[in-house]
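As the structure is a prediction and not an experimental result, all values here were calculated from the model.
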Amino acid sequence: MAGECVPEGPNLKEMSEEELWELINDNRHRISLGVRPCILIPYLRQVKVLTEVDEDEILSCHNLTNRCMRTSYMLDLLRTQGRNGAIALLEGLMIHYPTLYTQVTGRKPSTEPSRFSGLIKYSELTEYLIRAVTGMQTELQEARNEAGKMSARCSSLESEVGQLMEQEEKSRNLQAENGRLQRHLSSLQREVTKLKDEKCDLYIRYTVAIEEKSALNGRLHDLNLQVYQLQTELQNIQMEKEFHKQRSLRNLSSSHTPQLQEAHKDILEQDLAEAIDSQVELAEHLKSYREENEKLLREKQGAYQSRDDAQAMIARILAEKDTLRSQLVELQEAVFALQAKRSPRIKLQSSDVKERSWDSETSSSEECLLPVRRRLRRMDALNPMSLSSCLSESENALPTSVRSKGVEPPSPESLRRRQEILYEDSSLEAAETDSLLDEFVFLPDGGEDEQKPRSPSTRSSVCLSRSSAPPFLVRSRPKAIRVNGRVLSISLQCEALLSQITVVGGNKSGVFVHQVTEGSAAHTVGISPGAQIVEVRHEQNNKALKMVLEDSTLEEATWALSQVSGFCQLSLRPRQNDYEALLQQLQNSKMSSGDSFYIRVNLSLSAGASWTLAVSCNDILHVTNTRPAGTEDLWHASQVHPCKLLDLQSGTVPNYYRAQRLLIQTIEDMSFQTKKCQKVGRLNTQSEQKVVRIVSTGRQGRNPLWVSVEEENNKSTESGPPSASKSCVTLMPFTLVTPHFPPVCRPILLLPTILGRMLDKKLASWQGFQLCEPEVLTSSEHAARLQRSEILEEVEPGGNQCFTLQSVDKVMKKGLHCVLPLGLDCVRRLHRYEIFPIIIFIGVSARSARKLRSKLQRKGQTEEQLLSCLKSEEPLLDKLPCLYHSMAPDSWCDLNSLLTSLRTIIWEEQRKIVWVEPDLW
């Protein structure tokens, strides 16, 4: 349609060379902008006005950096071809750029052969036109497809814009609702303030009323006293009046008339009848009282009879118990006699042996016979210092003893003392079987090793002096204190205790004996399933060791029992019901063992061939089994929900010593990479800090998670397995943590310190936040609070202004977040008082530091100081006993986005559980 309106221009065939190129040069700028050389070059090559070299020079020359320069250079090359070059250029424009052709020549484009100049043959022209038309159709189809895609894209964008507008509308509604709620909250706060004021007024009025009441009570007391005085005066007046009345009657009795005598007689008869009635009523009351008294006397006689029967029963029970005790002694003597007959090496002979002293580390040589086992008898609760007196105690007790052994009924004083003792016992069974408490049974191992002749040193280790018992056989308690649940101490001689018994349980349920090998020494002394192993004492390398297994894990208890060989003592507590409940839970798969504790992971572990749970550094794990079935160096653990004590994904992880070796290997790899390439090493260091946390402990040579083994001589011994690395044992792959649930508003601590001081006032201006203010203290107050560790930090060294624990607690009691303008040193001081701040470390890059240049200059600081502060404080974060949140440098671009991110982070951290490590030193 547009082409029909274009006026016909001059005929190109009639124009000269100069006219044609003048026409082209007039429109050179338009041609350079609208023509792509790669489209026209095929036609120009077809008419032979350009060669292959020209084509390569136009399209590949490095000096021609854009399309306009290439088109201009092509025009220069066509200018060298004269009129044919101009005609060929215009014909190419007519074919490929018809609109531009019309603008240049003023003629309507046409593909008729008569319109071409004849530079190309008709057949070749037809073939080229066909190819051109086909290519243009293909391009048209592609353009249409692209247009369809763009239209679909526009439709989707329009729908997204509509959704965004709806979301914006919802956001505005939410903001309006938030504003309304904030206004409502403000009004409620004002009402609460009014109510508080009214409450204070009521308190004042109540105080005034109490004072008035006190005054009224005093006044009432005075009035009552006056009333009592008036009543006393009234009684005195009435008595005087009665006395005067009787006196007047006696005066008139001499001169009364017969009528008065008769009236007086009637009055006396009436008084006599009333006195007789009252006497009868009193007699009835007296009869009822006598009947009640007789009933009480009969009940008293029955109570006396019951008491006599109870005393007789107690005497009978004591007699039966003494009989059974004597039978037990006879049976044990018979057993020992049989063992003496069966063992040819047990003979009565005297020899010089070296007796080992358990009270000191030195050995003394003295003559010792094989000990004759003394008779079983009751061992009362004694002070360990009076053990010698207990050994020389006579079997005949006093008649008035609380634990009498006679058959005759005890005296009333003995019954009274017995009742007091039984009241202190935990149960009647523990009182009746008190003869078994704290009694040590010495039984030799009946294995093949007894048939071999013993050396004097071996015999002296078994031969114990009566006057000096081993230190772990002496009671460790300074006083006789009864505990809930009896503990039975059993001593035996065995080889490889763990091969004779198997254990189940853990630190949560306790370690129980599960199976006992029949015929073994443990079975001989009476160890049975269901007994909790409380403590194990044995000797190793001439050192007396005590292992308390009451709170130990299954892995720790198994290792501890595997170290026992030779003479040992076991402290057992019967807990059959708890043992059966544990087995029931294990069978129902409610729990995999009796272990349950939480750890913080100090290195990243990907799931390997041996373990199945992938963990990251600073993850919290709930360990539920330290010895899974079929493994020895793995733990079964679960990841913990950050806001609830809820187990999530579970699997196996390396145990402490295997994880320690992996940690050492990771650190060695990092050191090797650092030595190999310094530049790469710096980059790797920054990335490795995210997967490795270097934590050490002061307990060298022992597992810090194990606390059961104690050496009685010097209180320091190695409790790790022999294969553990002793040189790097202070590196901790796991650390124990305990959960804490802080109050609603926790304090806020921003790091690095320089950036935190810039943001403290911004945070304090928010609703629900308040800046911690320093207190001015006198010298005496400063010294007293410093001694109590209540001073968190001083504003200026040696000054009187200090940030104290009371100022933080005051803000928290208001239900506000206390913004702490302090450093990292205050964290441990706050933890001592159960205050757990939210620690946020803000990462800063050189680019983001430049954006804070103006604000830093206002504080008199520079970008270099900020980056230096960041580098110095970042390594100290791993020393904290709690978790912290770290913001990446690319997570914020300016101060506003940083504050927005901080609000979200504080809200998320407030909901989380606080996991705190114990003091490792």
So CD of Glu535 and CG of Leu549: to nearest 0.5 Å the spacing works out to 8.5 Å
Could you measure the distance from the OG1 atom of Thr804 to the CG atom of Leu786? Nearest 0.5 Å is fine. 12.5 Å
When you look at CD of Glu796, are more than 12 heavy atoms from neighbouring residues, nucleotides or ligands closer to it than 6.0 Å? no
What are the two closest heavy atoms between Val640 and Lys644, and how far apart are they? CG1-O, 3.8 Å
In Å and rounded to the nearest 0.5 Å, what is the CG to CG distance from Asn655 to Leu634? 7.0 Å
Neighbour count >12 (heavy atoms, 6.0 Å) for atom CD, Gln787: no
Rounded to the nearest 0.5 Å, what's the gap from CG on Leu663 to CD on Glu668? Could you check? 10.0 Å
Could you check whether the rings of Phe597 and Trp635 sit parallel, tilted or perpendicular, using 30° and 60° as the cut-offs? perpendicular
With a 4.5 Å heavy-atom cut-off, do Cys772 and Val811 have their side chains touching? no
Are side-chain heavy atoms of Thr553 and Val623 found at a separation under 4.5 Å? no
Please tell me whether Thr753 and Glu873 have a donor and an acceptor in their side chains that are separated by less than 3.5 angstrom. yes
Check the pair Tyr833, Val808 against side chain to side chain contact (heavy atoms under 4.5 Å, CB included), reporting the backbone distance first and the verdict last. CA-CA 11 Å; Tyr833 294 91; Val808 178; over 6 Å; no
Any side-chain heavy-atom pair from Arg693 and Leu603 closer than 4.5 angstrom? no
Near Lys508 NZ, under 6.0 Å, is it more than 12 heavy atoms from other residues, nucleotides or ligands? no
Taking every heavy atom of Ser765 against every heavy atom of Lys762, the minimum-distance pair comes out as OG-O, 2.5 Å
Evaluate the ring planes of His831 and Phe836, with Trp represented by its six-membered ring, and classify them as parallel (under 30°), tilted (30 to 60°) or perpendicular (over 60°). tilted
I'd like to know whether Leu820 forms a side chain to side chain contact (heavy atoms under 4.5 Å, CB included) with Glu793, so could you lay out the CA-CA distance, the side-chain angles of the two residues, the decisive distance to 0.1 Å, and finally the verdict. CA-CA 10 Å; Leu820 302 175; Glu793 190 175 306; over 6 Å; no
Please report the closest heavy-atom contact between His622 and Ser596, naming both atoms and the distance. NE2-OG, 2.9 Å
Under a 4.5 Å cut-off applied to non-hydrogen side-chain atoms, are Leu731 and Ile664 in contact? yes
Would you mind telling me which of Arg853, Arg847, Lys855, Arg850 makes a salt bridge (Lys or Arg N to Asp or Glu O under 4.0 Å) with Glu863? Arg853
